[in-house]
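For reference, the structure is listed below as C-alpha cells.
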There are 2 protein chains.
Amino acid sequence: MPKQLPITATGACCSPLAREPLSADQAVELSQLFKAMSDPVRLRLLSLIASHAGGEACVCDLTDAFDLTGPTISHHLKVLRESGLITGERRGTWIYYRVHPEVLARLSAVLVPGNTGVLA
Amino acid sequence: MPKQLPITATGACCSPLAREPLSADQAVELSQLFKAMSDPVRLRLLSLIASHAGGEACVCDLTDAFDLTGPTISHHLKVLRESGLITGERRGTWIYYRVHPEVLARLSAVLVPGNTGVLA
C-alpha cells in the first residue's frame, strides 16, 4: 500500500514561498521533507535512485557508493520512504526504490525565488 | 561583511540530483541548507522575508506572525543567516533581512526531477 503523500494531499507547496507567506500547516509539511533531505547520506541515496537507469534502484545498486553497513543504509532509505520522497516495491529478493518525481517537482517549485527583491 | 556562500563557492547544486549522482561534498553542502529549512518556523521566516514588500523585512515585521519570544525568533534568523539563505544588514535600530535569491534558485534547480523514470 503506497504511503499517502502529505504534500499531495494538501497541495502545500505549489506556490513559491517567495510569492506569499507559507501557512503554518504548509511549513510543517515542507519542513518534514527538508528534514529528510538534511542528511548527506540520504541526499546521495535520493540522487543515486533518481539518476539510476530506468529511474529505479535496489539496495544492491546503492551500497557500493558508501562505506556504511547495510542496516545504516536501510535506515536512511526508511526515512526517505516515510517522508514520501521515495517508494519501495518488493520484487523477488529485492526492494526497488523510485523517487516521487511530483514531490521533487513541487519542492523545486516552492523554492523558485520569484519576484524577490523586485516588487516594491 | 557578507558571509561567503558555500553553495556559490563550489557551484554544488547546479545539476539536478536526478541527472547525475551528487558527490559526497555536494551532498554535505546541500544537506546543510536543507537542514536550515527543516524547521517550520525557519521556513515561515524565510517565506515572510522573501515575500515581503521590497524583498526585505526587519524583525519588527516578523514577530507578529509567531507566538514566540524575540530571542527564539532571533535564534532562527541566526541559523538562516549562517546557512547562507538570508543576509542581514543593520540600518539604524533594526537589522533588515533579505533572502539570497540565487541560493533559492540553485536549490530549486537541483530538485528539478529531470528525466527520472524516463531514461532507460
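Reminder, nothing fancy here: chain letters follow the sequence lines and each chain counts from 1.
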Subject >> Common cluster, V79(A)/L111(B), ILVMFWY with side-chain heavy-atom separation under 4.5 Å >> reply: no
**OP:** Examine L33(B) and V28(B) and state if one hydrophobic cluster contains both, with Ile, Leu, Val, Met, Phe, Trp and Tyr joined whenever side-chain heavy atoms are less than 4.5 Å apart.
**Re:** no
Original post:
Under a 4.5 Å heavy-atom cutoff, which of S23(B), P40(B), A105(B) has the most pairs with chain A?
Top reply: P40(B)
Subject >> Rounded distance [0.5 Å steps], CD in E20(A) versus OG in S51(B) >> reply: 8.0 Å
Original post:
At their closest point, which heavy atom of L43(B) faces which heavy atom of L22(A), and how far apart are they?
Top reply: O-CD1, 3.9 Å
Original post:
If you count heavy-atom pairs under 4.5 Å with chain B, which of A24(A), S38(A), A36(A) comes out on top?
Top reply: S38(A)
Subject >> Heavy-atom proximity to chain B below 4.5 Å, by part of A65(A) >> reply: neither
Subject >> S47(A) side-chain N/O to L17(B) backbone N/O, donor-acceptor pair under 3.5 Å >> reply: yes
Subject >> Side-chain (S108(A)) to main-chain (S108(B)) donor-acceptor, under 3.5 angstrom >> reply: yes
**OP:** Drop me the distance from K35(A)'s NZ to M37(B)'s CE, to the nearest 0.5 angstrom.
**Re:** 14.5 Å
Original post:
Below 4.5 Å, heavy atoms only, C-beta onward: do P21(A) and L48(B) meet side chain to side chain?
Top reply: yes
Subject >> Shortest non-hydrogen contact from P113(A) toward P101(B) >> reply: CG-O, 3.5 Å
Original post:
Mind checking whether V59(A) and L85(A) sit in one hydrophobic cluster, side chains of I, L, V, M, F, W, Y counted as touching below 4.5 Å?
Top reply: yes
Subject >> Over all atoms of both residues, closest heavy-atom pair of R44(B) and A27(A) >> reply: CG-CB, 3.3 Å
